[in-house]
Amino acid sequence: MSTTPQAALTQRLRAALAACGLPPERGDVVAAADTRFGDYQANAAMVLAKEAKRNPRELAAQIAEQFDGGDLCAKPEIAGPGFLNFRLEPGWVSRRVGILSADARCGVPEAEERLKIIVDFSSPNIAKPMHVGHIRSTILGDALSRIARFLGHEVVTDNHLGDWGTQFGKVLYGWKHLLDRAALERDPVAEMTRLYREVNAIEQTDPAVHKAAREELVKLQQGDPENRAIWQQLVDLSWAEFEEIYGQLGIRFDERLGESFYDPALAALVEKLLADGVAEISEGAVCVFFRDVPALADKPCLVRKSDGGFLYATTDLATIEYREERWEPDAIWYVTGAPQQLHFQQVFSAARRMGYGTKLEHIAFGSILGEDHKLMKTRSGDNVPLRALLDEAVTRARAMIEEKNPEMPEEEKKHIARVVGLGAVKYAELSQHRMTDYVFSWSKMLSLQGNTAPYLQNAYVRVRSIFRKLGTELGAAENISLTEPAELALAKKLLQFGEVVPTVLHEFRPNLLANYLFETANAFHAFYEACPVLKAEGPARHSRLVLCDTTARVLRQGLELLGVEVPERM
RNA sequence: GCUCCCGUAGCUCAGGGGAUAGAGCAGCGGAUUUCUAAUCCGUUGGUCGGAAGUUCGAAUCUUCCCGGGAGCGCCA
């Protein structure tokens, strides 16, 4: 089971084109823009007619004449300037739903070429709380990784922690002079943040402290055992908190090679860049110039400061070097915000200059805005801590359940609140085009109406409710017969799952999958209103049960690819 | 100054060469002895920021302009 309607139609259209003496590879078929015209459409006649200087409608007629739809569809209709419109046969759709219902992959074909992909995402900073700024990277990166894996690619997820850098001088100084042990035990990351801020404030007025903090940093970098041990504690305590959040979100990483991991390689890397003529010394710093790239002509990439220190770009290049040696990947995906576009342009250009041909992708995304349309912040102007945000999501979902189903057992309420609340936050991210700055709204993401996680989860729950009432699970899915418009509309949607999932990776767009799932849930709800299932009899009842079960499986699989769980009841 | 991203219904957003531009919310009008109405059906609402261009065809591609956001050698 890997043939989608689109693939089947494309194959047949190509045969028709070949029979007309036209280039078969031009026979692309796409889902119809408007279902009034049919289920699928081909624009090939218009394109080819222009090239051949022929009348498009005549050419369309000729193609239609040669088109053999078999039991898949009848002769295509010709409309407008030369559209070919295809309508799937209900019998064929019914049979395909039967096959789909037994397919573990829900009709999603595996990628033709199995790629090795490293996905670099989340990357929070040690000694600082994770905040909303990390949420998009984390959720997007996880969803893209899941989808790539499902399509058969070999994926390595790597959390490139911010565990090295100038901030540690301040934290180390604070740790030694201002540490509140009790506070550290209560909330380690909060205490680290306090230390950083406090030292940062004192530094402004006390040059001696500024100097001392710098010295702590230098000692750390030189491998001083005491500072190294404190640093390790900072990392461990921070990671423990991050892991709690990742656990809650159901996200795991194959690797967590932070910036510190690459530090030992930086000096040699810069020397190599100089020796190879990739970089040059300018104003005391080591830079890579891109004089041949107009957009970067006046924007060199610094890899070593005039004081000998290394930079963000240096670490990123060392990271590429390491990943190349260890994994020889086909692609590396960086899921980080749009403001870093210039940085990645530079790093990618430098990597090519170093001779690496790996496909490097910066998967950029926009910002999250508050209700005031400005960058989302707390009232005091700080970043919103991620943990508090996730807790609130669960609390709000809990309140909804409490209102709707107060009699539900405590254990189940808790579970559902988590699944619905966290699902809502994730889905709100993923249903949005990644480049848009979007406005964070609790009421919208938790609404049962519209393109939201609860709406989709509810569709799943409705199906499960039917099977609970039925008392048994489904037997063999044979002799499916779908005739009602609402049945067929839903069935055709389900068959498109295998068409949609692969497109997500073309431009890294999980929102395409989200849109599809929303349309599917919508089609299901409409079917649910129009077609009784348990009250139906004979073949209709059986067919509808299969349709329901397949809907549930597609919704569950689709949401799982987005990292969203489904409850059995809500 | 240079570069990148965004501008679509009152609001939040889809659609990124194809037909009469869609959805949710809000508004208006309906459907409930329920397989969970936590839903569904109907309806009002748009010079797709503006102007040129490419094309049989442009919200979509190109250029310029306007408006908003961001980034641009020694932070990450």
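Below, each value reflects all heavy atoms present in this structure, side chains not excepted, and no hydrogens, waters or symmetry copies. By convention in this document, chain letters (A, B, ...) are assigned in the order of the sequence lines, proteins followed by strands, and residues within each chain are numbered from 1. The structure displayed is predicted, hence computed values, not measured ones.
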Between atom CD in A/Glu519 and atom C1' in B/G24, what is the gap in whole Å? 13 Å

Let me know, please, whether A/Ser306 or A/Lys469 comes out on the 5' side of the other along RNA chain B by nearest nucleotide. A/Lys469

Select one nucleotide: of B/G18, B/G73, B/C40, the one nearest the side-chain heavy atoms of A/Pro300. B/G73

Does the side chain of A/Tyr427 come under 3.5 Å of the side chain of A/Gln457 through a donor N or O and an acceptor N or O? no

A/Ala338 near the nucleic acid: base, sugar-phosphate alone, or nothing, with a heavy-atom cut-off under 4.0 Å? nothing

Stacking check A/Phe83 vs B/G18 (5.5 Å / 30 deg): no

For B/G17, give the paired nucleotide (Watson-Crick: N1-N3 plus N6-O4 or O6-N4; G-U: N1-O2 and O6-N3; both under 3.5 Å), or none. none

Rounded to whole Å, OH of A/Tyr528 lies from C1' of B/C35 at a distance of 4 Å

Counting heavy atoms from C-beta on, name the nucleotide in B/G18, B/G69, B/C5 closest to the side chain of A/Met435. B/C5

Closest to the A/Gln432 side chain, choosing from B/U20, B/C13, B/A76: B/C13

So what does A/Arg569 touch, heavy atoms closer than 4.0 Å: a base, only the sugar-phosphate, or nothing? base

Classify the side chain of A/Asn85 and the base of B/A19 as holding, or not holding, a donor-acceptor pair under 3.5 Å. yes

Looking only at B/A19, B/C75, B/G73, the nucleotide nearest the A/Cys287 side chain is B/G73

So what does A/Asp163 hit on the nucleic acid, given a heavy-atom distance under 4.0 Å: a base, only sugar-phosphate, or nothing? nothing

Assign A/Asp307 to base, sugar-phosphate, or nothing according to its heavy-atom contacts below 4.0 angstrom with the strands shown. nothing

Rounding to a whole Å, what distance do you find between A/Phe365:CZ and B/C5:C1'? 13 Å

Look through every strand shown and name the nucleotide pairing with B/C40 as Watson-Crick or G-U wobble, where both distances are under 3.5 Å. B/G30

Heavy atoms only, 4.0 Å cut-off, all strands: where does A/Phe310 land among base, sugar-phosphate and nothing? sugar-phosphate

How is A/Leu342 classified with respect to the nucleic acid when contacts are heavy atoms under 4.0 Å: base, sugar-phosphate, or nothing? sugar-phosphate

Provide, to the nearest angstrom, the distance between the CD atom belonging to A/Gln41 and the C1' atom belonging to B/G57. 13 Å

Working note: A/Tyr334 + A/Phe121, criterion ring-ring contact (aromatic ring centres under 6.0 Å, His included); need CA distance, chi angles, decisive distance, verdict. CA-CA 6 Å; A/Tyr334 296 83; A/Phe121 67 100; over 10 Å; no

Touch check for A/Thr436, heavy atoms < 4.0 angstrom, all strands: base, sugar-phosphate only, or nothing? sugar-phosphate

Examine A/Arg556 relative to A/Tyr460 and say whether NZ or CZ is less than 6.0 Å from the centre of the six-membered ring and inside a 45° cone about the ring axis. no

I'd like to know if A/Ser367 reaches the base of B/G69 with its side chain such that a donor and an acceptor end up less than 3.5 angstrom apart. no

Quick one: look up who B/C48 pairs with, Watson-Crick or G-U, both distances under 3.5 Å, and put none if it's unpaired. none

Syn if the chi torsion is within 90° of 0, anti otherwise; quick check, which is B/G10? anti

If you check the A/Ala526 side chain, which of B/C40, B/G73, B/C35 turns out closest? B/C40

Taken to the nearest whole Å, NZ/A/Lys305 to C1'/B/G73 is 12 Å

What distance, rounded to whole Å, do you find between the two P atoms, one in B/G46 and one in B/C65? 31 Å

May I ask you to decide whether A/Lys211 forms a salt bridge with A/Glu215, counting only side-chain N to carboxylate O separations under 4.0 Å? yes

A/Arg291 CZ to B/G73 P, in whole Å, measures 17 Å

Any strand, both distances under 3.5 Å, Watson-Crick or G-U wobble: B/U60 pairs with none

Need one value for A/Val461: base, sugar-phosphate or nothing, where a base atom within 4.0 Å counts as base even if backbone is also close, heavy atoms only. base

Within the 3.5 Å criterion, strictly below it, is a donor on A/Arg462 or A/His525 matched to an acceptor on the partner's side chain? yes

Using 30° and 60° as the class boundaries, would you call the ring planes of A/Phe168 and A/Trp231 parallel, tilted or perpendicular? perpendicular

Closest to the side chain of A/Leu448, out of B/U12, B/U39, B/A76, is B/U39

With rounding to the closest Å, how many angstrom separate the P atoms on B/U43 and B/A21? 15 Å

Using a heavy-atom cut-off of under 4.0 Å over every strand shown, decide if A/Leu311 touches base, sugar-phosphate, or nothing. sugar-phosphate

Which residue, A/Leu512 or A/Asn522, contacts RNA chain B at a nucleotide closer to its 5' end, judged by nearest heavy atom? A/Leu512

I need the CG-P distance between A/Asn405 and B/A38, as an integer number of Å. 9 Å

Watson-Crick or G-U wobble partner of B/A9, both distances under 3.5 Å: none

Side chain of A/Pro339: nearest nucleotide among B/G71, B/A19, B/A76? B/G71

Assigned partner base of B/C72, Watson-Crick or wobble definition, under 3.5 Å: B/G1

Do A/His134 and A/Asn125 have side-chain N/O donor and acceptor atoms under 3.5 Å apart? no

